[in-house]
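As structure tokens, the structure follows; a few thoughts come after it.
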Amino acid sequence: MSGLLAPLTAAEWTIIQLSLEVALVATLASLPFGIAVAYLLSRKRFPGLWLVDALIHLPLVLPPVVTGYALLVIFGRKGAVGQTLESCCGLVFAFRWSGAALAAAVMAFPLLVRAIRLSFDAIDLRLEEASATLGASPFWRFITVTLPLAWPGILGGTIIGFAKALGEFGATITFVASIPGETETLPLAIYAQTQIPGGEAVALRLTLIAVVIAFAAIAASQLLRDYTKRGHALP
Amino acid sequence: MKLDVDITIRRGAHPIAVRFALEATVAGLHGPSGAGKTTTLQVIAGLLRPDAGHVYLGKRTLTDVATKVFVPAHRRRIGYVFQEGRLFPHFSVAGNLNYGRRFSPTPLDDTQRDAVIDLLGIGHLLKRWPLTLSGGEKQRVAIGRALIAGPQLLLLDEPLASLDEGRKDEMLPFLRRLCQESGVPIVYVSHDRRELDAIGAVVVPLTPAAHM
């Protein structure tokens with residue numbers, strides 16, 4: 001058991017740091033889009049809405065390997081979007097940490113959108129009407145009424161998205177492979193360790209780390225919520 | 001200021017047709033439920049579009065279906081006190097009261113705001129949250145919130161409906177003072193004739209007979 005509690009090695013630190021970075025970037029970068037899409041799905045009615053809804057939820061129901069392969073086809077160096085992004089902005093996803101973040105974001109997106117959408121659905125539209133009669137334009141209604149009232153759902157969606165991004169495996173390994181220091185996140189490293197003789201000890205250590213991070217994320221969200229809820233009448 | 005309303009609007013199965021013009025400082029729209037009182041207020045405020053007709057306020061055309069004019073609610077500067085108050089749960093009472101000031105081109109200044117707070121007797125509530133207020137307190141804060149934005153016209157939709165009898169009697173003096181002292185033209189909707197008489201409103205009947 002002494003191996004279990006030994007200080008973290010440099011290689012393990014790299015994995016943890018990379019995992020946190022990938023999950024954080026994936027979550028924060030997709031959050032504005034998530035809020036926008038959730039708002040669209042909650043409030044707007046237009047033909048083709050079901051298609052948007054279906055496309056977003058696709059990664060939730062497809063095998064992750066399929067999503068990863070689709071990302072490779074689209075965002076790979078020879079993919080339509082991947083090629084354009086590389087030539088115009090020097091942005092490369094294939095076999096880079098940014099690709100791992102993209103895969104994590106795509107996989108986490110449906111969960112993020114779902115949670116935020118539910119909180120938009122729950123808002124009393126009559127409060128937005130009241131805001132309008134007080135002179136607030138649609139933009140300011142959104143900023144001063146809709147967004148703050150949806151805050152618990154946005155926070156919840158962010159945490160769920162972060163957790164999903166942190167645990168993403170199938171799409172990531174298919175899209176960007178498992179390159180130590182570049183794309184090898186916690187789940188990929190754990191899987192790799194279980195595949196080599198004598199790797200169980202390291203795998204167990206990494207598993208415990210994953211559990212600690214998950215707990216920390218949930219605790220942080222609780223604290224944040226309690227803090228913003230003080231005195232308020234938020235649900 | 002003259003308010004000229006001539007609208008038809010379909011709500012559910014029955015089309016509602018309402019037509020009146022008034023110049024009173026305090027006008028009371030009176031009629032049984034289903035006569036279209038709330039619908040009329042919502043059309044005046046810009047929360048609903050009529051199917052036909054117009055709403056003029058002074059020289060402004062707020063809605064005219066024939067010429068396709070529709071001023072959105074947030075540009076009308078018409079205060080609306082809803083039956084259920086509709087205070088923002090995520091702002092304190094003070095936050096609710098000040099809400100409209102940052103958007104209005106003609107908000108009340110600090111002195112005028114304090115006068116409104118005095119008039120409504122809500123000075124001791126400023127730090128409270130809406131959830132902790134009684135029904136009457138909520139309605140007074142809602143009236144204050146609408147007034148402090150500096151509206152050109154104030155609409156009151158059955159402000160006493162959600163209160164029990166005792167609370168109603170408590171509220172009436174505030175409403176009477178509001179009507180006499182605010183200097184803002186008021187359209188007050190109620191199914192209760194005594195209420196309108198108590199605040200000294202010029203009564204405009206809205207009856208099913210006025211329907212087309």
Side-chain angles (χ1 to χ4, degrees), chain A residues 31 35 38-40 42-46 115-159 221-235, chain B residues 38 41-42 44-48 71-107 127-133 138 141-157:
Chain A
L31 188 57
I35 292 174
Y39 188 76
L40 195 76
S42 172
R43 296 292 171 80
K44 305 293 176 193
R45 291 291 165 264
F46 56 90
I116 300 175
R117 178 190 180 169
L118 284 176
S119 67
F120 280 142
D121 285 348
I123 291 176
D124 187 349
L125 292 177
R126 296 176 309 170
L127 291 174
E128 293 177 17
E129 281 186 353
S131 166
T133 64
L134 290 161
S137 64
F139 173 78
W140 284 113
R141 295 204 279 276
F142 182 74
I143 298 293
T144 61
V145 177
T146 317
L147 213 47
L149 289 177
W151 170 241
I154 293 172
L155 197 62
T158 307
I159 297 298
S221 84
Q222 296 283 8
L223 282 176
L224 250 173
R225 237 194 104 167
D226 290 348
Y227 177 74
T228 53
K229 227 169 92 174
R230 258 190 312 187
H232 291 224
L234 289 177
Chain B
T38 297
L41 286 195
Q42 287 177 317
I44 296 171
L47 298 175
L48 283 178
V71 179
H74 67 277
R75 297 215 189 91
R76 292 196 178 194
R77 295 170 55 207
I78 295 179
Y80 198 138
V81 177
F82 300 91
Q83 273 184 46
E84 350 69 73
R86 301 195 194 180
L87 298 180
F88 301 123
H90 56 302
F91 288 124
S92 67
V93 167
N96 270 280
L97 290 173
N98 285 321
Y99 184 85
R101 293 220 292 176
R102 65 190 112 169
F103 305 117
S104 172
T106 52
K127 288 194 174 131
R128 300 260 295 271
W129 296 90
L131 198 70
T132 69
L133 302 181
K138 274 182 197 159
V141 173
I143 292 169
R145 181 178 68 171
L147 268 184
I148 288 167
Q152 287 189 316
L153 175 70
L154 185 62
L155 308 175
L156 297 172
D157 187 3

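Here is how names work: the chains are called A, B, and so on, in the same order as the sequence lines, proteins then strands, and each is numbered from 1.
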Problem set entry | Structural part of L155(B) lying under 4.5 Å from a heavy atom of chain A | neither
Exercise. Taking all atoms of both residues into account, what is the closest heavy-atom pair of H74(B) and S137(A), and its distance?
Worked result: CD2-CA, 3.6 Å
Seminar exercise, completed: Closest heavy-atom pair, Y99(B) versus A136(A), reported as atoms and distance to 0.1 Å, is OH-CB, 3.7 Å
Problem set entry | Rounded distance (nearest 0.5 Å) linking atom CD of E129(A) with atom CZ of R86(B) | 5.0 Å
Problem set entry | Proximal component of A149(B), with respect to chain A [non-hydrogen, under 4.5 Å] | side chain
Problem set entry | Shortest non-hydrogen contact from L127(A) toward L87(B) | CD2-O, 3.4 Å
Exercise. Which atom pair, heavy atoms only, marks the closest approach of L134(A) to A146(B)?
Worked result: CD2-CA, 4.0 Å
Problem set entry | Residue R77(B) versus chain A: region with a heavy atom under 4.5 Å | neither
Problem set entry | Shortest non-hydrogen contact from F103(B) toward G135(A) | CB-O, 3.3 Å
Seminar exercise, completed: Closest non-hydrogen contact found for T144(A) with H90(B) is O-NE2, 2.7 Å
For this session: Please tell me if the side chains of F88(B) and S131(A) come closer than 4.5 Å, counting only heavy atoms from C-beta onward.
Result: yes
Exercise. By a 4.5 Å heavy-atom criterion (distance strictly below it), what part of R102(B) contacts chain A: side chain, backbone, both, or neither?
Worked result: side chain
